[in-house]
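Everything below concerns the one structure shown next.
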Amino acid sequence: MPRPSRPEDVPGLPARRAALRLLDAVLRRGDPLELALHGAAQGLAPADRALVHAIAAETLRHLPDLDTLIDSATRQPLPHDAKARMVLRIALIQVLALGTAPHAAIATALPLVDGGPRKLVHGVFGTLTRADPTLPSPPTLPPETASRWAAQWGDAMPQAAAHAYAQRPPVDISLRDPARTAHWAEALNGRSLAPGHVRLPEGAAIPDLPGFSEGAWWVQDLAASTPARLLGVGEGRHVLDLCAAPGGKTMQLAAAGWRVTAVDQSKKRLERLGENLARTGLSAAIVHGNLRAWEPDGAADAILLDAPCTATGIYRRHPDVLHRIGPRQIAELAELQTELLARAAAWLKPGGTLIYATCSLERAEGEEQVARFIDARPDFSPLPATPGELPDGIVPTAQGWVRTLPDSLAAQGGTDGFFVARLIRSTKP
């Protein structure tokens with residue numbers, strides 16, 4: 001006699017259950033999407049793991065618009081943390097963004113809820129899908145984020161951010177030998193916006209491209225390559241690369257002739273840094289250490305501090321940051337940045353160069369942070385960036401900082417949001 005079917009027998013259900021766990025970790029606990037994915041999708045095959053990530057990431061990218069649809073089909077709004085709402089988000093995003101047939105989406109959604117909510121999910125989903133809905137393009141930013149960015153950058157900025165959100169971010173690479181920029185741009189069918197940079201065509205399969213296996217280049221967003229560019233040629237001088245992993249800036253500095261000490265507190269990310277160095281044939285001293293306690297053996301000629309931050313500047317690739325980050329997280333990380341910046345400054349030789357960078361779109365982590373530092377440390381002064389040091393289309397601010405926003409290089413595919421300041425320590429006692 002055949003055994004009765006169980007919910008777990010529904011094909012694809014484990015992946016949807018994992019997506020539900022992943023979204024709960026991000027939205028309820030505030031965990032980063034990429035970190036929470038490991039635990040939520042444990043035991044799943046790679047293809048199912050990729051599906052879990054796609055469902056969660058697209059749900060987060062379109063969350064306000066999904067909730068607007070759901071609220072239009074219910075008499076009373078569901079609580080935002082209700083399981084029924086979360087299951088409806090998952091089911092709808094599969095149909096509206098991932099190309100899943102409605103019957104398949106609801107078949108893997110209903111087993112995720114029990115009792116009365118199951119009937120509600122079925123009814124709301126049916127009502128919406130029969131109306132053949134679509135998601136708006138560009139997606140709607142979370143209202144709190146849009147208001148915060150408008151207050152900092154003007155009313156046009158959230159609109160530009162939404163348009164950038166709707167586009168697939170380009171893939172940039174940095175070259176081990178910038179003198180071969182023209183060669184690699186042609187070989188990879190890409191375009192260069194700066195010496196040592198190539199922007200790849202959409203859909204490029206990274207490990208299969210010429211030059212990858214022999215370490216001629218590595219993936220690194222154009223904005224993320226700017227901090228190391230501002231240090232120029234090393235000529236054997238010593239640089240501390242702080243918060244270095246996974247190593248894009250470390251490799252840039254090593255390729256430019258710096259003697260690099262790369263410090264990071266994550267052993268796993270340092271392993272990846274070591275693998276990247278081995279592939280590219282570049283060298284650096286790798287140090288596992290927490291910057292709040294670690295001390296170098298002596299003063300350095302230059303320091304690059306890519307400080308821990310909210311990462312709101314990479315929201316196109318990591319949509320979870322728009323739902324995890326608010327004033328409290330910004331304030332907490334700004335406090336940490338102040339501490340690390342003060343510690344790093346003490347490790348720099350007189351006459352040395354300090355680069356401070358964050359992949360954040362928050363002034364508190366960029367412009368305001370550096371202004372406070374200069375007020376507290378009169379022995380440091382700005383060394384403004386010049387247009388000739390920067391990628392085509394990126395210009396310094398009036399203060400000489402580098403600030404990329406969602407409309408930066410928009411016609412060329414855009415770039416991550418970044419802030420970079422270059423400071424010089426006085427030689428006077």
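These numbers come from a predicted model, not from an experiment.
- With hydrogens and angles left out, the side-chain atoms of Q94 and R16 include a donor and acceptor closer than 3.5 Å.
- Of the N and O atoms on the side chains of T338 and E335, not one donor lies less than 3.5 Å from an acceptor on the other residue.
- Defined by atom type and a distance below 3.5 Å, a donor-acceptor pair is present between the side-chain atoms of W347 and E295.
- With a 6.0 Å cutoff to the six-membered ring centre and a 45° limit on the axis angle, R343 does not count as a cation-pi contact of W294.
- Around atom CD of E214, more than 12 heavy atoms belonging to other residues, nucleotides or ligands sit under 6.0 Å away.
- The pair R328-E332 meets the salt-bridge criterion, since a charged nitrogen lies less than 4.0 angstrom from a carboxylate oxygen.
- Considering only heavy atoms from C-beta on, L200 comes within 4.5 Å of L209 through its side chain.
- With respect to R85, the side-chain contact (heavy atoms from CB on, under 4.5 Å) criterion is satisfied by exactly one of V124, I90, L78: L78.
- Residues meeting the side chain to side chain contact (heavy atoms under 4.5 Å, CB included) test with A285, sequence neighbours left out: T261.
- A donor-acceptor contact closer than 3.5 angstrom links the side chains of T312 and E362.
- In this structure, a donor-acceptor pair under 3.5 Å is present between the side chains of H197 and D172.
- Taking the six-membered ring for Trp and the full ring otherwise, Y315 and W149 have centroids separated by under 6.0 Å.
- Taking a 6.0 Å sphere around CG of D297, one finds it holds 12 or fewer heavy atoms contributed by other residues, nucleotides or ligands.
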